[in-house]
Every structure is written in C-alpha cells, then in structure tokens.
Amino acid sequence: MTARETNMRREIDATDIQAIARTAFGSHKSARYVLLRVVQPSAARQWLRGLTPTSLAKMSLKELPPEISQIAFTAEGLRALGIKDTILQQFSPEFVDGIANNDNRSRRLGDTGANAPTNWRWGVGEKEAHILLMLFSTVEQIKALTDRMLDQALAAGLSKVDILSDSDMDNTEPFGFRDGISQPTFDWDRPRIPGTKADQDYTNLLALGELLLGYRNEYGLLTDRPLLAASEKNVDILPKDLTDHGDLGLNGSYLVYRQLAQDVAGFWRWVAGEAARSGITKEQQAESMVGRKLDGSPLPDLPVGRSIPGVDERYSGRNDFLFDTDPDGLSCPVGAHIRRANPRTGDVPGGRKGPLDSLLTILGLTTRRDRRPTSSTLPWRRNTTVWPFIRSEDDAVASARFHRILRRGREYGSKPDPDLGHDPAIPAPETGIHFLCLNANIARQFEFVQGAWIASAKFAALAGEQDPLLGNREPFPTNPIADPQPTDGFTRPGAPPHCRHASGLPQFVRVRGGAYFFLPGLAALRWIASD
Amino acid sequence: MIPQDSFIIVAKIDPVQLDKLRSLLKTMTFADRTGMADPDNPLVRFRDFDEIHFARFVVLADNTLNDRAHYPQLPSREPFYLCFMVDCDGSADELLARMAQRPDGLRTIFGHCEEFGQTTDLLGWLRAHRVKPAASYVNWVGRSVGQVREEARLHDLLRAALSGIEKSEPQKILVRLRQSIMLPEPLKPAPPTPLSWRIRNVAHLLLPFVVALVCLALFPIITIVLLGVGSVLFVIALRWHEQTDPFVDQPYDANRVAELRGGEDHDVTNQYTAMGSIKPGRFRLWTEVAILYGINWVARHIFTRGSLARIGTIHFAHWVFLDQGRRAFFCSNYDGGHEAYMDDFINKAGFGLNLSFSSGIGYPTTDWLLARGAWLEQEFKRFQRRHQIPTDVWYKAYPGLTAHDLARNSRIRNGFEKAAMSDDEIRRWLAEI
Ligand code: HEM
C-alpha cells in the first residue's frame with residue numbers, strides 16, 4: 001500500500017470512538033477501574049451487549065453525561081470471550097503476549113527486582129484481568145454507579161479481580177508536582193502530512209494513526225490491525241476497510257495500564273538529603289529530577305515562546321519550550337523525567353536546514369564547527385574534536401514523533417504531607433498513579449518510551465542512571481555476565497560547583513500491577529459481544 | 001594505533017550432527033542467559049584472548065528458504081553452516097593461530113562439520129574455511145580492548161575520587177584528582193600503527209580513484225560513454241526489477257520472535273545475525289556487490305570515529321556472501337534494545353537499509369533503491385525479524401559499556417593525560433566524569 005493510498009481520508013465517525021481517546025473526563029472528579037474476568041463466555045457477551053460506553057459524539061454536548069463508562073479487553077479476555085486465535089493473532093504481538101508474560105519484556109520495561117510481575121498485586125495468573133471497565137462520575141455518584149455496574153457484571157457470571165479507585169489531588173501527582181500538562185495534539189481534522197521537511201524540527205502535532213487504528217500514522221501508513229474476511233461470522237457488524245474486510249481495529253486503540261505506587265516520604269527524604277549535600281533547596285533538587293517546577297512551569301533558563309506545531313496559545317509559557325538550546329542539560333538535566341519521557345527532538349539534530357546541510361546531516365556529517373550557536377547557556381565551547389561528524393551523543397535520541405503516548409492516568413491513595421513523612425517507622429498509606437496511556441503501536445510508543453528512554457541506564461549517552469523518579473535501580477548487567485554496574489545515579493549538570501552526580505538513589509516508584517488492553521471502537525465492541 | 005581485524009570461518013555442518021552441535025554450543029553459554037557466552041567455558045576460553053572484542057558462533061539455519069517458491073530457478077535446499085566470527089585487535093590470522101594452539105575445544109566444535117576428521121590439521125582447515133566479508137564496519141578504528149578496559153577503569157577511579165574532592169578552582173581540582181588516582185598500572189600509550197596496515201589502507205582508499213583516473217586517461221571517450229549508457233541501463237533495469245519483483249508475505253511468527261528475544265537484553269549491547277537469499281540474476285547480485293564495496297569503503301575511510309552515518313550504536317558489523325552469492329548474512333553488535341535499534345535505523349538511515357538489503361528476496365519494495373523499503377515500517381520489521389536467526393554463542397569483552405561510554409572514556413583519558421588545560425577545558429572534562 002503506498003503512502004498516497006493511505007492518504008485517502010475516511011470520515012471520522014464520532015459515534016464509534018470511545019470518548020477517552022479525546023478527553024480525560026477531567027470535570028468528573030472520581031474514577032473507578034473495575035478489573036473483571038470472564039467465566040461464562042455467552043453470559044458475558046450478553047452483559048457486554050447491554051453496556052453503553054460513552055462515545056466521542058456525546059462530548060459535543062454542553063455537559064458531560066453524569067455517568068461515563070469505557071471498556072477495554074486484554075488478549076486473554078478476548079480469548080475467553082470466544083475470539084478465534086487466527087483473529088487474535090492479527091492484533092499487535094505485544095498485546096497478544098501481554099505485559100507480564102515474557103522475561104525479555106520485563107527486562108526491557110524495568111519490571112525486575114521489586115517491580116517484577118511476581119510481586120504484582122494484579123495482572124498475572126489468576127489475577128490477570130480480562131476486562132477493564134473504567135467508570136467516571138462525580139464524587140457523590142461514583143459509588144452507586146460502581147455498585148450497579150458490578151452487580152450486573154457479577155450477575156452475568158463475571159468474576160472480580162479488583163476495583164481500583166482514584167483520588168482527586170487537584171491535578172497534582174503525589175510527589176507534589178503539577179501533572180497533566182504536556183500531551184501530544186492529534187490531527188483529528190487530518191491535514192497533516194507526516195515526514196515532510198517540517199518534521200526535521202520537533203512537532204507536537206501527530207497523525208491520528210498514532211492514537212487510533214485505521215488512520216495513517218507518522219509513517220503515512222496504517223498500523224497493523226485485525227481485518228476480517230467476509231466469511232467470518234457477524235462480520236457485517238463491522239465497518240469495512242478499503243479492501244472490503246471487516247475492520248475490527250478501526251477507531252480502537254491500545255491502552256496500557258500500570259499501577260505505580262509512590263514512596264512520597266522516601267522521595268522527599270532523599271531529596272532533602274541530597275539538596276543539603278549540594279547546597280540547593282530541596283524543591284530545586286526535586287524539580288531538576290522531574291524537569292519542571294512544582295507548579296508545572298518549565299525550568300528557568302529554558303526559553304519559552306518557541307513556535308511548535310501542535311502547541312497552541314493555551315500552553316504558552318508552559319509547554320512551548322524545547323531542549324535544543326540546552327544540549328548539555330544545564331537548565332534541564334538530560335536525565336530528568338520529562339526530558340526522558342519526551343526529549344522533544346525533531347528528525348535531525350539541529351532542526352531544519354538548507355539542502356546541503358540536510359544532505360550532510362543525513363550522512364552524519366556537518367559543515368559547521370560550532371553547530372550550536374544557540375547553546376549560549378554553556379560557559380565553555382563545545383567539544384568538537386571529531387568534526388566534521390555530528391557528535392553522536394547529540395544525535396542519540398531523534399524523531400520523538402514516533403514515540404509519543406497519550407496519558408490518561410489518575411492519582412490514587414491519600415497524599416502524605418511531605419513535611420510529616422520523616423518518621424520511616426510509621427508506614428504511610430499507599431499512594432501513587434494509575435498510569436494509563438493510549439497508543440496505536442505498543443512496541444514503538446509505550447514500550448519504547450518506557451524501555452529505551454525511562455528504564456534505560458544508557459539513555460542519550462548517559463551512563464549509570466535511570467529515570468530519577470521511576471528507575472528500579474537494579475544493577476545491570478547482572479551477574480554472571482559481568483560485575484553488575486549501578487543504575488542508581490542522577491547527574492545534574494552545571495558549571496561546578498553546581499554540577500553534581502548523585503548516587504545511591506533509592507527506588508521511589510514500584511509497579512503494583514499492569515496490563516495491555518485493547519480499547520475497541522463501538523462497532524468492534526458490538527462484534528466482540530455478538531454471539 | 002592498533003588496527004582492528006576480523007576472521008569469519010564458515011563451514012558446512014554435517015546434517016546428522018546438527019542437533020548435537022547446537023546442544024554443544026549451548027554448553028558454552030550461561031544456563032539462564034540464552035546465548036551469552038561464559039568467558040571461561042572450557043571449549044573456547046574467550047577470556048584468555050585479550051585482543052578479542054566480540055565473538056560469536058552461529059548455526060546459519062535459513063528460516064526463509066520457502067520464499068524461493070517465487071523463484072523456481074533457485075535450489076529449494078541449502079546446507080547448514082557453522083559460522084565462527086571474531087573481531088579483534090591486530091592480525092586476525094595470528095590470533096587464529098594462537099587459538100588453534102589450544103585445539104581441543106575447536107576440534108570438538110568443528111568435528112560436527114563436514115570434511116573434518118581426527119587427523120585434520122586444525123589451523124590449516126580453519127584458514128581454508130575463512131571467508132572474506134563483503135563489507136565490515138568498526139565503530140572506532142584503532143581503539144583496542146586493552147585501551148577500552150584501562151580507560152573504563154580510569155573513569156571509575158576518577159568518578160570515585162571526584163566525589164571526595166571538595167569544590168574549588170578547576171586547576172586545583174585537576175591537580176588533586178591527578179594526585180589521588182592510583183592506577184594499578186600506567187596507561188599504555190598507543191603503539192605505532194603498523195606500516196604495512198597504513199600502506200594497505202591508503203591503497204584501498206585510493207584504488208577507486210586510481211582506476212577511474214586510469215580509465216579516463218587511457219580511454220576517455222569509451223569510459224564516459226560506458227558510464228553514461230551504463231547508468232541509464234542501470235536505472236531502467238532497477239525500475240523494472242522494483243516493479244516486477246514478486247511480493248513475499250512477511251508473516252509474524254510469535255514463537256520465533258519469543259525465541260530470539262530470549263537472547264536479548266542481558267547486556268547493554270545485543271547481537272544480531274540475519275540471513276536470506278539474494279534475488280537471482282546478475283543484476284541484483286552485481287548491484288549488491290557494488291553497494292557493499294561502497295559501504296565497506298566509506299566505513300573504512302570515513303566513518304571510523306564512533307558512528308556509521310547517523311547511527312552511533314553499532315560496535316562491529318559484517319556483511320558476508322554465501323553459496324556463490326545465492327545467499328548472504330549480516331551480523332552486528334549494537335547498543336540498546338532490538339526495537340530501538342530498528343527504529344533508529346529506519347528513522348536515521350532507512351536509505352542505508354534499503355541500499356544494503358533490498359536485493360534480498362522479500363525485502364519491502366523500494367523506490368529508486370533508496371526510498372520506501374524500510375520506511376514501510378511494520379512490513380520491514382517483520383521482514384528483518386523473520387530473517388534473523390538466534391546467535392548461539394555471543395561474547396563481548398566489555399559488558400556494560402556502550403559505544404558512547406567508550407568514546408566518553410577516551411575523551412576523559414585524553415584530558416587526564418593532557419599536559420595543561422584551560423579552566424574551561426577542565427570544567428568540560430569534569431562534567432564528563
Ligand atoms: C509515579 C509515576 C510518575 C510520576 C510521578 C510522573 C510525573 C510526571 C510529571 C510531574 C510530569 C510533568 C507534567 C506534564 O508535563 O504533564 C510528567 C510528564 C510526563 N510523564 Fe510522567 N510520571 C510518572 C510516570 C510516567 C510513566 C510510567 C510514563 C511513561 C511510560 C510517563 C510519561 C510521561 C510523559 C510522556 C510526560 C510528558 C513529557 C512531555 O511531553 O514533556 N510518566 N510526569
């Protein structure tokens with residue numbers, strides 16, 4: 001299929017898309033994540049037929065419907081509902097494998113040591129969910145909604161794995177940082193043609209196919225998804241793709257769920273100690289690890305007001321910044337959480353250029369000795385000993401547009417007061433984030449961000465440090481291959497004495513459960529539920 | 001400078017011995033780390049050979065011969081080969097001779113191959129089975145294993161010492177650091193580059209220009225006409241092939257991928273071995289030969305300092321023809337996970353993938369040899385996973401270190417040995433530690 005063919009626009013059917021693809025239901029302050037298992041397939045299918053997940057079309061109403069449900073399935077769930085293997089195998093391989101069933105995947109995602117799936121509260125074995133029912137409502141109404149929905153599910157013979165609640169922390173995650181600021185903007189009206197010269201610069205506007213299946217993605221192609229031959233049963237329920245197959249994936253997405261428990265007291269205890277050692281405030285220390293200030297504003301010295309496709313005025317001063325002015329991480333450490341989770345790089349280092357420079361850059365060469373006149377924050381000239389080559393450290397992380405996710409998480413638990421958490425003898429009640437995100441290609445989006453950027457101790461030519469918030473701090477490689485090397489460092493660059501390499505970071509975030517789900521379009525849901 | 005070299009031994013496996021050979025190779029690895037060589041395994045004690053960077057044993061078992069159904073002129077079966085590949089410092093032939101002085105392990109292993117008997121002269125046999133790669137890449141020409149190790153040690157010591165030194169003037173910090181470091185042995189200066197290597201390298205560099213000049217000088221008109229007509233014919237033939245090559249489905253085999261994954265991400269560096277058939281006919285083969293000549297030339301003379309075009313994560317790589325050009329295999333040692341490696345390659349150098357692999361049967365369709373192909377992302381990824389084969393035994397001399405680490409450690413060493421540095425230079429140097 002050529003890029004041009006896939007360019008053909010398809011009208012978007014808002015009644016077929018679950019609304020979570022476009023909204024976090026922020027005005028509904030309460031959420032429940034109901035994890036269920038199918039016991040009797042036909043009863044479960046009948047129950048599914050009675051559900052009415054809120055579609056995107058409802059979002060054009062003035063007010064959110066008071067009760068909102070959204071639904072997603074694991075591969076095991078689809079299997080338990082009676083979906084044939086030949087169809088199941090057409091879903092993404094990562095989804096079919098599941099998040100926790102493969103040692104290599106666990107190694108890559110950092111799910112080793114305390115994070116290992118064997119320690120999870122849900123997500124493996126008997127506790128592997130089949131169905132995720134997400135309920136959103138007001139604080140007053142959520143309980144009644146949950147009870148009602150659960151009763152119906154149990155009556156249909158489903159069994160409950162767990163019900164997880166969020167808690168409203170006013171858009172602040174438990175460590176105390178403002179969250180939910182930076183998100184990719186999706187090209188719902190689809191004028192975007194990806195891969196043009198403009199993408200040599202960072203873009204926050206992404207092809208819709210990075211979120212929903214059935215639309216072209218950042219390669220201008222349709223991501224693999226199940227297409228059903230006309231002979232499959234009930235295929236008429238499904239919309240048709242261009243080749244007249246039943247399009248089971250259309251308007252669907254993959255939903256990644258990880259329950260992440262945060263050790264808030266431990267975090268601030270370590271941060272305070274480290275801050276004292278290096279003579280800065282504990283807020284400054286914590287902010288350098290996250291890459292934003294507590295109130296969510298960008299770190300000082302990062303020029304804002306950069307024009308970035310897909311970042312509109314509403315975000316001016318908060319999200320219109322890049323890291324290209326700060327190659328050495330003097331303003332925002334290269335290893336900071338937000339810089340790992342989204343390095344904001346375009347397709348080529350240094351952004352858009354003239355034809356000769358572009359050609360040279362493709363070959364890894366450059367004409368300019370001092371390629372970064374913008375790095376004025378640097379008190380010394382850059383090391384250019386290998387000119388005319390582009391310093392490969394500067395080019396280690398490119399093309400962020402292929403590795404973005406849409407976050408839909410919510411906080412849970414009760415947030416301890418950071419100033420009170422000094423007595424480690426009193427265990428604090430658990431708190432953390434129900435980390436949910438949507439993407440069309442789990443391997444290239446979520447797993448890449450989590451594995452190559454967040455969990456990797458070698459991200460962007462760094463060494464010996466993982467994400468300062470999320471790292472599992474497991475030494476790597478492990479014996480007997482070699483003497484294990486620490487991964488528990490964090491470098492906060494800067495001219496001495498501000499440059500510091502901290503070591504011995506404890507683990508602040510633990511994975512408590514997780515799964516890969518498929519969030520179907522509503523026609524696909526009807527097909528799944530059909531007998 | 002110590003130049004790098006490699007040997008690649010390829011020998012036909014006696015088909016009845018195939019399974020036995022595989023289990024034997026398994027004994028050379030750690031039980032719960034698929035494919036990771038135990039450096040002290042009794043068959044080939046890699047640890048004893050200080051000049052080895054990377055080594056691998058691979059049973060070249062083609063997974064994609066069925067694709068030849070589209071090409072009845074090709075035989076439907078091919079032999080299994082055992083490949084033993086080593087990247088080393090100095091002369092690979094001398095290393096091979098030294099390894100053959102401990103014959104028992106190698107005899108046991110190659111005893112599973114055809115034409116190898118009790119009385120075979122091991123070294124002679126190995127030499128006879130050496131194949132020359134069509135193209136090779138070395139991340140940093142001249143960086144030896146010894147240097148890698150001593151620079152890594154220096155970095156560890158400096159990092160530890162730095163945290164104990166109080167903040168003051170850069171020059172003072174430098175003096176303190178230099179005083180406080182106790183190296184177990186002094187850093188070794190790079191030995192002089194062998195003259196023979198230098199001469200051969202310059203000759204290799206100049207060869208294409210000399211040939212071109214000689215042709216132009218002796219037969220100017222014929223050369224220009226031939227080149228012009230040749231290019232036009234080439235482009236016509238290329239487009240014709242690109243538009244008529246049969247489409248080969250690239251199904252995804254979950255079990256195979258799971259097997260391959262089992263051998264990945266035990267270290268910061270991973271191995272990659274892939275093989276497949278080349279499209280029959282002289283056009284594709286000669287194109288491939290020419291392209292690999294070009295890749296080899298730029299790799300040897302231009303990309304010798306830490307990156308191949310924009311890819312800075314490959315340590316060593318080789319492209320090798322098999323069976324008189326009916327097949328080829330490719331081996332590399334790269335940093336990071338497999339998915340990241342492929343994404344990096346597609347996004348930074350997809351044209352390079354297209355150039356070097358599009359003559360393979362089933363490769364996603366290219367346009368003008370450079371475009372599309374690898375950018376058909378998922379089709380390409382299935383193609384390469386399907387052609388990948390497990391590396392049975394894989395050895396790396398410096399676990400835990402990436403190519404970026406090695407380059408940084410060298411910069412740190414240079415600063416450490418520099419007679420005098422300005423304040424700025426010292427700051428920059430300290431920041432790297
Ligand atoms: C308990 C765990 C986590 C905490 C406390 C946390 C905290 C934060 C905070 C405070 C921000 C800045 C606010 C914003 O830009 O919206 C942020 C941004 C972000 N986080 Fe996390 N996060 C966590 C887990 C994760 C995980 C597991 C991932 C992905 C695998 C992730 C991916 C991101 C991304 C993509 C951004 C936006 C970066 C940008 O575009 O600038 N986070 N996080």
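So that the names make sense, note that chain A is the first sequence line, chain B the second, and so on, each numbered from 1.
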Please state whether the side chain, the backbone, both or neither of [X] comes within less than 4.5 Å of a heavy atom of chain A.
X	value
B:Ile346	side chain
B:Arg261	both
B:Tyr398	neither
B:Asp267	both
B:Lys381	side chain

Distance-minimising heavy-atom pair for [X] and [Y]:
X	Y	answer
A:Ala461	B:Arg408	O-NH1, 3.7 Å
A:Phe476	B:Asp265	CZ-O, 3.5 Å
B:Trp375	A:Tyr219	O-CD2, 3.8 Å
A:Ala463	B:Arg159	O-NH1, 4.1 Å
A:His403	B:Asp343	CE1-OD2, 3.6 Å

Just wondering, more than 12 heavy atoms not from [X] lying within 6.0 Å of its [atom1]?
X	atom1	answer
B:Gln171	CD	yes
A:Asp483	CG	no
A:Asp103	CG	no

B:Glu339 vs A:Glu447, side chain to side chain contact (heavy atoms under 4.5 Å, CB included): CA-CA, chis, key distance, verdict: CA-CA 9 Å; B:Glu339 184 80 12; A:Glu447 286 193 351; over 6 Å; no

Could you tell me which portion of [X] (side chain, backbone, both or neither) has an atom closer than 4.5 angstrom to a non-hydrogen atom of chain B?
X	result
A:Asp97	side chain
A:Val96	neither
A:Asp347	backbone
A:Ala452	side chain
A:Thr223	both
A:Asn479	backbone
A:Arg107	side chain
A:Glu218	neither

Here the gap from A:Thr478 atom OG1 to B:His266 atom NE2, rounded to the nearest 0.5 Å, amounts to 8.5 Å

State the CD1-CG distance between A:Ile362 and B:Leu370, to the nearest 0.5 angstrom. 10.0 Å

For the candidates [options], which exhibits the highest count of non-hydrogen atom pairs separated by less than 4.5 Å from chain B?
options	value
A:Ser456, A:Gly195, A:Ser503, A:Ala396	A:Ala396
A:Pro484, A:Pro477, A:Gly464, A:Ala457	A:Pro477
A:Ala482, A:Pro93, A:Ala398, A:Ser399	A:Pro93

Of the listed residues (B:Ala407, B:Pro170, B:Pro399), which shares the most heavy-atom pairs with chain A below a 4.5 Å separation? B:Pro399

Test item: [X] side-chain N/O and [Y] main-chain N/O as donor-acceptor pair under 3.5 Å:
X	Y	result
B:Lys348	A:Asp395	yes
A:Asn102	B:Ala258	no
B:Gln378	A:Asp224	yes

Any side-chain heavy atom of A:Leu462 within less than 4.5 Å of one from B:His404? no

Going by heavy atoms in the side chains, are A:Pro480 and B:Arg33 under 4.5 Å from each other? yes

Just to verify, what does A:Asn441 make a side-chain hydrogen bond (donor to acceptor under 3.5 Å, both in side chains) with, not counting sequence neighbours? none

Residues A:Lys458, B:Asp405: salt bridge by 4.0 Å N-O rule: yes

Are A:Ile481 and B:Lys396 close enough, and set up right, to give a side chain to side chain contact (heavy atoms under 4.5 Å, CB included), and what steps lead you there? CA-CA 10 Å; A:Ile481 291 162; B:Lys396 176 188 174 200; over 6 Å; no

Please determine whether salt bridge (charged side-chain N to carboxylate O under 4.0 Å, His left out) holds for the pair B:Glu264 and A:Arg108, giving the CA-CA distance in whole Å, both sets of side-chain angles, and the decisive distance to 0.1 Å. CA-CA 9 Å; B:Glu264 288 170 2; A:Arg108 279 184 291 128; over 6 Å; no

